[in-house]
2 protein chains.
Amino acid sequence: MPEEPRRQARGQRRMVQLLDAAAVVFAEAGYAKATTNAIARQAGVSPGTLYQFFANKEALAEALAERYRSELAAAHEKAFDPGTAQLPLPELVDRMIRPMVEVNLENPGFKALFGSGDLPDKLTAPTRALQKAVTGRVAEVLAARYPDLPSDRLATTSAVATQIFAALLGTIVTTPATERERWISELNQALVGYLTPLDQRV
Amino acid sequence: MPEEPRRQARGQRRMVQLLDAAAVVFAEAGYAKATTNAIARQAGVSPGTLYQFFANKEALAEALAERYRSELAAAHEKAFDPGTAQLPLPELVDRMIRPMVEVNLENPGFKALFGSGDLPDKLTAPTRALQKAVTGRVAEVLAARYPDLPSDRLATTSAVATQIFAALLGTIVTTPATERERWISELNQALVGYLTPLDQRV
DNA sequence: GACAAACACGAGTAAATGCTCGTATTTTTC
DNA sequence: GAAAAATACGAGCATTTACTCGTGTTTGTC
């Protein structure tokens, strides 16, 4: 197997450029229809150069997903101080939702990698990783709020909550800014409604 | 524009065969990755024959979506007698959900046309039609239950409910039959949770 | 400054895929 | 039963697209 070359500064910059470009093209065309040539063009670079840094389209998507994952983690880190988990449910949900929506608005490519339920086969790998990261984050918060929730219930609940979230995210980011709050509040209601029974357990 | 030829009995049968085949291939590969040649092969027919009946891949998908739409309408027709709308919320939701899940299990292609949130561009046309049909059905039921709900709230609510439903449908039909009930009940809880506030309005 | 490693180019390739078209067979029409 | 219309075939065209490769340039190392 060919070793990863030792990247120099110029190379690092190129990789960032390429990821930026990929985000734009993924956002415009969706993962499946996005062509590597278009991504290279968007980055102002030849197709050969793209492949100097990423083995294939999937690797590119994976790297982009990784970037999103860490941006998301940072955003959540910022939004959560200890004690947040004990807030009233609507506020807790709001604090989970906001950062995600913002990351999404700032990184239009996000939805393309996160959103679509069933992309063909292996193409889903980066998607699944992202979904898993989000689900994990949700699980952490729920675990903090409901310490004695059985772990299988915890897993199910976070998975469902994440899927509900993913389902409405598309509408939220697509919608004009004026109407956005309405949909966010709708998403909030849905999640609060789903989670309320947990709050009312003995 | 070339006129639609007057179909003879043999042709009608072929069209059914082709739609069946398309459902199978869409289910296995998803819409985007499904090839028309594979569909023709699955139907035991040459590619040329396929195009004798459907102008292109999209027209094929549209026809299939239309078929699902009517199957769905029939299933719902069967599940609703007048008065259903006044049932307790969990039961009402259950009656909405069951037929959809069943149509899905019987027609594996359904999810491929209904599920994925943002397929590229025009490919979404058949998808949107299906989603719209389902949303419309949901709206009817909600309108019957909440006659004085303003029409914009009605539209929003049915759209959100449908999206929640679509999001969890994938998990439900993919999951082994033994665990299916658990996920159906989870979906039920999510929808009931979302709709409960409407029940409690003055 | 010389040598190697990393970077860059972009025309080109192989494979996939939606769809066509010339031809041949079956069914309907009269 | 003959002309017309519908059905059927399948090799292959045109296009797209992920990716390569030969060649040349820039950067780091000693």
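Note that this is a predicted model, so its numbers are computed, not measured. Chain identifiers are assigned alphabetically (A, B, ...) following the order of the sequence lines, protein sequences preceding nucleic acid strands; residue numbering begins at 1 within each chain.
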Please report, rounded to the nearest Å, how far the [atom2] atom of [N] is from the [atom1] atom of [X].
| X | N | atom1 | atom2 | result |
| --- | --- | --- | --- | --- |
| A/Q12 | D/dT26 | CD | P | 21 Å |
| B/Y51 | D/dT7 | OH | P | 18 Å |
| B/N56 | D/dA14 | CG | C1' | 17 Å |
| A/K33 | D/dA18 | NZ | P | 12 Å |
| A/F53 | D/dC19 | CZ | P | 17 Å |
| B/M15 | D/dA8 | CE | P | 11 Å |
| A/F54 | D/dC19 | CZ | P | 13 Å |
| B/I39 | C/dG18 | CD1 | C1' | 11 Å |

Does this structure show an ion pair linking B/E71 with B/K78, if we count only N-O contacts that are shorter than 4.0 Å?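 No salt bridge links B/E71 with B/K78.
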Between C/dA5 and A/R7, is there an OP1 or OP2 to side-chain N/O distance shorter than 4.0 Å?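 No, A/R7 has no side-chain N/O under 4.0 Å of OP1/OP2 on C/dA5.
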Assess the side chains of A/Q163 and B/T171: does a donor N or O sit below 3.5 Å from an acceptor N or O?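 Present: a donor and an acceptor within the cut-off.
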State whether a side-chain donor-acceptor pair under 3.5 Å links A/Q17 with A/R14.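 Present: a donor and an acceptor within the cut-off.
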Proximity to the side chain of [X] - top-ranked nucleotide from [options]:
| X | options | answer |
| --- | --- | --- |
| A/R10 | D/dA18, C/dA6, C/dG10 | C/dA6 |
| B/P5 | C/dA8, D/dA6, C/dC7 | D/dA6 |
| B/T49 | D/dC9, C/dC7, C/dC19 | D/dC9 |
| A/R14 | C/dA8, D/dA18, D/dA6 | C/dA8 |

Considering the options A/E179, A/R182, A/E186, which one meets the side-chain hydrogen bond (donor to acceptor under 3.5 Å, both in side chains) requirement together with B/T156?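 Only one of A/E179, A/R182, A/E186 forms a side-chain hydrogen bond (donor to acceptor under 3.5 Å, both in side chains) with B/T156, namely A/R182.
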Report the residue (A/T36 or B/S46) whose heavy-atom-nearest nucleotide on DNA chain D is the more 5′ of the two.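 The residue mapped nearer the 5' terminus is B/S46.
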Can you work out whether B/N37 or B/Q8 has the more 5'-proximal nearest nucleotide on DNA chain C?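 Of the two residues, B/N37 wins.
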Contact nearer the 5' end of DNA chain C, comparing A/G44 with B/T35: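 Checking each residue's closest nucleotide, the 5'-ward one belongs to A/G44.
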Assess A/R153 against A/Y146: is NZ or CZ under 6.0 Å from the centre of the six-membered ring, and within 45 degrees of the ring's axis?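 No, A/R153 and A/Y146 do not form such a contact.
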Which is true for A/G48 with a 4.0 Å heavy-atom rule: it touches a base, it touches only sugar-phosphate, or it touches nothing?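 Base: the residue A/G48, judged by heavy atoms under 4.0 Å, touches a nucleobase.
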Quick one: label B/A34 by what it contacts on the DNA or RNA (base, sugar-phosphate, nothing), any heavy atom closer than 4.0 Å.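 Sugar-phosphate only.
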